[in-house]
Amino acid sequence: MRSDSIRHLLPLLVFAVPACAAPGGDGGRDGSVSGAAVTRTEDRPGCLDATPLRQALFGDLHVHTSFSFDAAANSTGATPADAYRFAKGEAIPFWPIGADGRPTGSITIDRPLDFVAVTDHGEFLGERRLCRDPESPRYGSEFCTTFRSDQRVGMQMLGAVITTETPRRTEELCGEDGSLCREWAMSPWQEIIEAAEDAYDRTEGCSFTTFVGYEYTGTPGISNYHRNVVFRSADVPELPVSYIDAPTDSLLWRRLDEVCGDGSARPGCDYLTIPHNSNLANGRMAPYRGLDGTLEARRGYAEKRLEREPIIEIFQHKGGSECINGLASVFAEPDELCDVEAVRVLGREETVQSLLSGETTLRTEECPEGENGNQGMLGAGCVDRTDFIRSALVVGLEEETETGLNPVKLGIIASTDTHTATPGAVAEEDWRGAVSVEATPEERLQPGLLTSGIDGNAGGLAGVWAVENSRDAIFEAMERREVFGTSGPRIRPRFFGGWGYAENLCDQTDLLEQAYAGGVPMGGDLPEAGDGAVPTFLAFAARDPADGAGLLQQLQLVKGWIDADGTGRTEVIPIAGSSDNGATVDAATGERSGEGHDSLCTVYRDETFDPGQHAYYYLRVVENPSLRWSWYDCRRLAAEDRPAVCSDGSYPETIQEMAWTSPIWYRPE
């Protein structure tokens, strides 16, 4: 096994030297790089910097603007077009709000993104417009007058619709059949589409890619059941299919298939869905919701989910969804990094802010087997093993042993879930809030609503390894799960699995060619093993190249498997670098010290491998400690004005930024 910093070689390999690639072909859906580069569904030239060895692109697939009923952007008026302008590096209006109700500040991203999808809530586009447009037939109604009286009141009035198992549009506002709200949703939906089309760079320069999308916002029992829906092109349905139209994931996929029609006739209407904030789900994101437990139903569900839901969001401003310590249902040693930006901690008493009852103190416990909890969106209720990706992936292995199909075969991304039209605004030193009542340091440092305020964070980024920066290429990368997520920095990880990678592969100039030829990249399935073969993994990463970005501390391999007794297990295995490198941050001055790496590379053999056990593996990249956003906000205030969280140790002053690759799976023959 090799574990060191290869400064002269690895950055070149991670960024991949571009080589022109021809259009057409199968897009390498199996993860291979043979054949042509990307399947075209749109009329546009290929990108000048296309490369069959794929390049790292960074984006945000979870973005809200003033078109969302609960968006803080309603105070600034920021639109989908503004969100795309921000992502490309332009300044947009921002807090504070002046006496005339208009924003007096501005905000600019530290570096432009490569791709973005604005994902405003699909449920209430019409309702919001009916109550805010003076020309609407409902503007002067009692409902709309009350709706406009206070932002939180308006959010609660509409949000109550999606907290039930059987949602219905508000008859007083939408009419008996809901048609008025659907009619008034047409215009904002078209604006969302047009904004994405106008911002998309279709030239061969390929500087910026947009996707038409929306959020499907199911919140039964005030638990998170949300998904973002991303379309391959602008050939999209007449209106979003919302939670009101389809209150389970299987119904969502069925309705989207119906409105998109035959894929061969409308290839651009292809779509995928991305669950997020499973950490707040109270067990409701477990497979098969709303279906019977027959083998046929389970297999049918798994087939459709494998087709339409290839990835999941692991990190965003409402916390991390990778893992939680203390589950009785999955055996694992404690992992201190599970607690970084953790909203849910087993055994901890939480004081949460309820829209209905004010402050409530609750103790976080594991859900009883087969039961769901409630109020996860408030940081409350029980925790299920499917609420966290590491243990949920084990559930997928268990299902595969019973049904032959894995319904939790999910690649990994991250995003921000910004509600201020600021995709990619993840800089800890300049984070200015994501939701309502976060406009000032004083507000951000207080307990907030819906796991915000001091409990929130700046969010993460989605990464893809794509042939080029185009809709087709990025969409295909997401389909094959060759994607990764970061907690904010632009760390570039690569991860391959095979059966015979050479121990000195990190030293080879054709490392990537050998990696693809000898195995599968992140998101793939290990091929069949020969007798006595042991899985071998190539893991490497380069740090964020920006000035002042953190150095890498270590690479960790995370393994999950089903043992001979049928018990689900997970393990974190350090494979390069070390946590004992003396890296620290002086909380008084903010000065960093200790060793670190620009890049790390290793070839690792799993000598504990059992060919009869289902397993998965993913790579976690860990930075040296750095300062949390709240440290900066505390120092923006005079010492006498700082709240208790600035000095009482109840919240950490430092964090460790991370990146996570999609898993590689193994299934016995």
Side-chain angles (χ1 to χ4, degrees), residues 64-71 74 80 119-149 153-194 212-223 225-229 231 234-262 266 269 271 273 284 289-291 308 355:
H64 295 275
T65 76
S66 63
F67 283 34
S68 285
F69 76 101
D70 62 347
N74 282 301
T119 55
D120 282 309
H121 297 286
E123 283 68 25
F124 304 119
L125 293 174
E127 286 86 337
R128 172 195 165 278
R129 183 175 169 228
L130 280 165
C131 281
R132 292 168 64 92
D133 186 341
E135 302 300 318
S136 92
R138 295 287 193 266
Y139 185 81
S141 67
E142 181 180 352
F143 183 98
C144 286
T145 301
T146 305
F147 173 87
R148 292 191 302 273
S149 67
V153 169
M155 180 177 70
Q156 180 182 350
M157 291 171 69
L158 293 180
V161 171
I162 54 176
T163 63
T164 71
E165 302 275 355
T166 54
R168 290 183 52 126
R169 295 194 183 276
T170 304
E171 186 174 331
E172 176 186 357
L173 186 61
C174 302
E176 187 175 353
D177 61 357
S179 60
L180 185 62
C181 286
R182 288 192 292 271
E183 176 188 343
W184 279 72
M186 294 282 191
S187 176
W189 180 233
Q190 286 304 309
E191 287 186 59
I192 289 169
I193 297 167
E194 290 168 8
V212 179
Y214 69 93
E215 181 175 314
Y216 163 93
T217 320
T219 318
I222 320 183
S223 302
Y225 192 63
H226 300 185
R227 285 157 163 84
N228 289 325
V229 181
F231 294 96
D235 180 12
V236 300
E238 183 178 57
L239 283 173
V241 177
S242 73
Y243 178 70
I244 301 169
D245 307 309
T248 65
D249 51 8
S250 53
L251 282 174
L252 170 64
W253 303 322
R254 185 188 309 169
R255 298 283 186 265
L256 283 168
D257 286 347
E258 291 170 356
V259 295
C260 270
D262 185 348
R266 295 180 65 184
C269 199
Y271 69 89
T273 62
R284 294 178 186 268
R289 183 167 172 264
L291 302 176
R308 292 303 189 185
L355 285 169

Step through the shown structure and confirm whether more than 12 heavy atoms of other residues, nucleotides or ligands are within 6.0 Å of CZ on Arg148. yes
Any side-chain donor paired with an acceptor under 3.5 Å for Arg284 and Ser223? yes
Could you go through the side-chain contact (heavy atoms from CB on, under 4.5 Å) check for Glu123 and Thr217 one step at a time? CA-CA 7 Å; Glu123 283 68 25; Thr217 320; 2.8 Å; yes
Check for a donor-acceptor pair, side chain of Arg138 on one end and backbone N or O of Glu172 on the other, with a separation under 3.5 Å. yes
Audit row: Thr170, Phe124, side-chain contact (heavy atoms from CB on, under 4.5 Å) steps and yes/no: CA-CA 10 Å; Thr170 304; Phe124 304 119; over 6 Å; no
Tyr214 side chain near Ile192 side chain, heavy-atom distance below 4.5 Å: no
With heavy-atom distances below 4.5 Å as the criterion, would you say the side chains of Cys269 and Pro237 are in contact? yes
Is there a side-chain contact (heavy atoms from CB on, under 4.5 Å) between Asn74 and Arg132 once you walk through the steps? CA-CA 11 Å; Asn74 282 301; Arg132 292 168 64 92; 3.5 Å; yes
Kindly indicate, with the supporting measurements, whether the criterion side-chain contact (heavy atoms from CB on, under 4.5 Å) is fulfilled by Tyr271 and Val236. CA-CA 9 Å; Tyr271 69 89; Val236 300; over 6 Å; no
Heavy-atom distance under 4.5 Å between the side chains of Tyr139 and Cys144, does that happen here? no
Is it true that a side-chain atom of Trp253 and a backbone atom of Thr273 form a donor plus acceptor pair closer than 3.5 Å? no
Rounded to the nearest 0.5 Å, what separates atom CZ in Arg169 from atom CD1 in Ile244? 4.0 Å
Is there a side-chain contact between Tyr225 and Pro247, using heavy atoms and a 4.5 Å cut-off? no
Spacing of CG belonging to Leu130 relative to SG belonging to Cys181, to within rounding of 0.5 Å: 5.0 Å
Closest heavy-atom pair, Gly290 versus Thr248, reported as atoms and distance to 0.1 Å, is CA-CG2, 4.5 Å
For Val241 and Tyr216, the nearest pair of non-hydrogen atoms, with its separation, is O-CD1, 3.9 Å
When rounded to the nearest 0.5 angstrom, what is the spacing between CZ in Arg129 and SG in Cys131? 12.5 Å
Measure the spacing between CG of Leu251 and OH of Tyr243 and express it to the nearest 0.5 Å. 10.5 Å
Nearest 0.5 Å, please: how far is CZ in Arg266 from CG in Asp235? 4.0 Å
Which value, rounded to the nearest 0.5 Å, describes the distance between Glu171 atom CD and Leu180 atom CG? 12.0 Å
Find out whether Phe69 and Glu127 are in side-chain contact, i.e. whether some heavy atom of one side chain is under 4.5 Å from a heavy atom of the other. no
Taking the basic N atoms (NZ, or NE/NH1/NH2) and the acidic carboxylate oxygens, is any pair closer than 4.0 Å for Arg182 and Glu238? no
Quick one, Met157 and Phe143 - any side-chain contact, counting heavy atoms below 4.5 Å? yes
Backbone of His121 reached by a side-chain donor or acceptor of Ser68 within 3.5 Å: yes
Are Leu158 and Phe147 close enough that some pair of their side-chain heavy atoms sits under 4.5 Å apart? yes
Without swapping roles, check the side chain of Asp120 against the backbone of Thr65 for a donor-acceptor pair under 3.5 Å. yes
Heavy-atom check, side chain of Pro240 versus side chain of Val229, under 4.5 Å: no
